[in-house]
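Below is one structure, written out as structure tokens; the observations come after it.
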Protein chains: 2
Amino acid sequence: MEKLEFKAFFYAIGDYSRFSILSSLSKRGLNVSEIALETGIEQSNVSHHMKCLLNCGFVRVMRNGKEHVYSINSEIIPIITSIIRHIEKYKKEIISCDIADMNYISRMIK
Amino acid sequence: MEKLEFKAFFYAIGDYSRFSILSSLSKRGLNVSEIALETGIEQSNVSHHMKCLLNCGFVRVMRNGKEHVYSINSEIIPIITSIIRHIEKYKKEIISCDIADMNYISRMIK
DNA sequence: TTAATATATGATTCATGATTCATATATCAT
DNA sequence: ATGATATATGAATCATGAATCATATATTAA
């Protein structure tokens, strides 16, 4: 596996906002305003995220007049659900991961 | 799923250096110098990564004199292999993901 | 054509992660 | 105890992603 595709994959899927959008879309197709409403993400920010998800092939878009209706590429649903399942199962271990590392703390103190 | 455990999971696993370390460790236990040699990551940087992976419960450590021998927590091997499999399978789609977005490009131009 | 609505875009700012560097600590061999 | 080796640490720097803001574009309705 090359670094480029690794980075692209985790760039797209490893952001909570984008992951939330994918979760919402796994139920049904939604336009941008609906996504913004359901996830609480501001409209232009949603558009930025959709561009990324679209480029990656994680979602598809169908234009219906003014609205752009996005739907998930069903091929990625299994990987999303397996990640969710893994995180739920190992949340105790994962939660102890020291995200707030010394680097971060030292910045916060200043 | 909460945002905190989501972030912790992707923070730990979503970095190419750490993922490479986990890949190496999935074959056999290694001390820090061996990890540095196998992955090409500088020693102190390896130690930083190991601290993160350790806190997350992704690896375990056994001290043998001067050396600290790290081994992978076998529970996470399935998720790693399934991610690798997914990326290999969908690399064409993924690779087209526009990581180098306008934001990044505009910075590069300056 | 004009106004209203939906979405997209680029630039800027802000937040945070990765790496490096110098150095500390800990263990071993002499 | 001293020097050599292995590893860890904190601070600083560098790289990059996320959110925001102002605005552009496109479509529809009047």
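Convention: sequence-line order gives letters A, B, ...; per-chain numbering from 1.
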Inset, instruction - When you get a sec, tell me which of C:dT7, D:dT9, C:dG17 is the closest nucleotide to the side chain of B:K7? - result: C:dG17
Legend entry - Shortest side-chain distance from B:E67, nucleotide among C:dA8, D:dT7, C:dG17: D:dT7
Legend entry - A:V59 and A:L22, any side-chain heavy atoms less than 4.5 Å apart: yes
Inset, instruction - Hey, could you give me each pair passing salt bridge (Lys or Arg N to Asp or Glu O under 4.0 Å) that has a residue in residues 23-47 of chain B? Not counting sequence neighbours. - result: B:R28-B:E38
Inset, instruction - Rounded to the nearest angstrom, tell me the gap between atom CZ in B:F19 and atom C1' in C:dA18. - result: 18 Å
Inset, instruction - Give a yes/no on whether any side-chain N or O of A:S33 is located under 4.0 angstrom from OP1 or OP2 of C:dT7. - result: yes
Legend entry - Whole angstrom value for the distance that separates C1' of D:dT7 from CD1 of B:I21: 14 Å
Inset, instruction - Working to the nearest 0.5 Å, report the span between CZ of A:F58 and CD1 of A:I80. - result: 7.5 Å
Legend entry - Which nucleotide in D:dA8, C:dT19, C:dG10 has an atom nearest any side-chain atom of B:S47: D:dA8
Inset, instruction - Look at A:Y70 and C:dT7 and indicate whether a side-chain polar atom (N or O) is within less than 4.0 Å of OP1 or OP2. - result: no
Inset, instruction - Indicate whether OP1 or OP2 belonging to C:dA18 is found under 4.0 Å from a side-chain N or O atom of B:H48. - result: no
Inset, instruction - Kindly compute the distance separating CD1 (B:I76) from OG1 (B:T81), expressed to the nearest 0.5 Å. - result: 10.0 Å
Inset, instruction - May I ask you to evaluate whether A:R18 reaches the phosphate of D:dG17, defined as a side-chain N or O under 4.0 Å from OP1 or OP2? - result: no
Inset, instruction - Give a yes or no on this: more than 12 heavy atoms of other residues, nucleotides or ligands lie within 6.0 Å of atom CD of A:E88. - result: yes
Enumerate donor-acceptor pairs with a distance under 3.5 Å from any side-chain N or O in residues 62-71 of chain A to protein atoms, sequence neighbours excluded.
unit_1 : atom_1 : unit_2 : atom_2 : d
A:E67  : OE1    : A:N31  : ND2    : 2.8

Inset, instruction - Would you mind telling me which of D:dT7, C:dA18, D:dA19 lies closest to the side-chain atoms of A:S17? - result: D:dA19
Inset, instruction - Let me know the distance between CG of A:L30 and C1' of C:dA6, rounded to the nearest Å. - result: 15 Å
Inset, instruction - Answer yes or no: does a side-chain N or O of B:Y16 lie under 4.0 Å from OP1 or OP2 of D:dT16? - result: no
Inset, instruction - Rounded off to whole Å, could you give me the CE-to-P distance for the A:M50 and C:dA6 pair? - result: 17 Å
Inset, instruction - Could you run through nucleotides 22-30 of chain C and give me one letter per nucleotide, 5' to 3': B if any protein heavy atom sits under 4.0 Å from the base, S if only the sugar-phosphate is that close, - if neither? - result: B----BS--
Inset, instruction - Rounded to the nearest angstrom, tell me the gap between atom CG in B:N45 and atom P in D:dT9. - result: 14 Å
Inset, instruction - Figure out the CD1/C1' separation between B:I41 and D:dA8, and round it to whole Å. - result: 16 Å
Legend entry - Nearest-angstrom distance from the residue atom NZ of A:K51 to P of D:dA19: 16 Å
Legend entry - Residue pair B:Q43 / B:S47, side-chain heavy-atom distance below 4.5 Å: yes
Inset, instruction - Please work out whether the ring planes of A:F19 and B:F6 are parallel, tilted or perpendicular, with thresholds of 30° and 60°. - result: tilted
Inset, instruction - Round to the nearest Å and state the distance from A:F6 atom CZ to C:dG17 atom C1'. - result: 13 Å
Inset, instruction - Record whether the side chain of B:H49 comes under 3.5 Å of the base of C:dG17 through a donor-acceptor pair of N or O atoms. - result: no
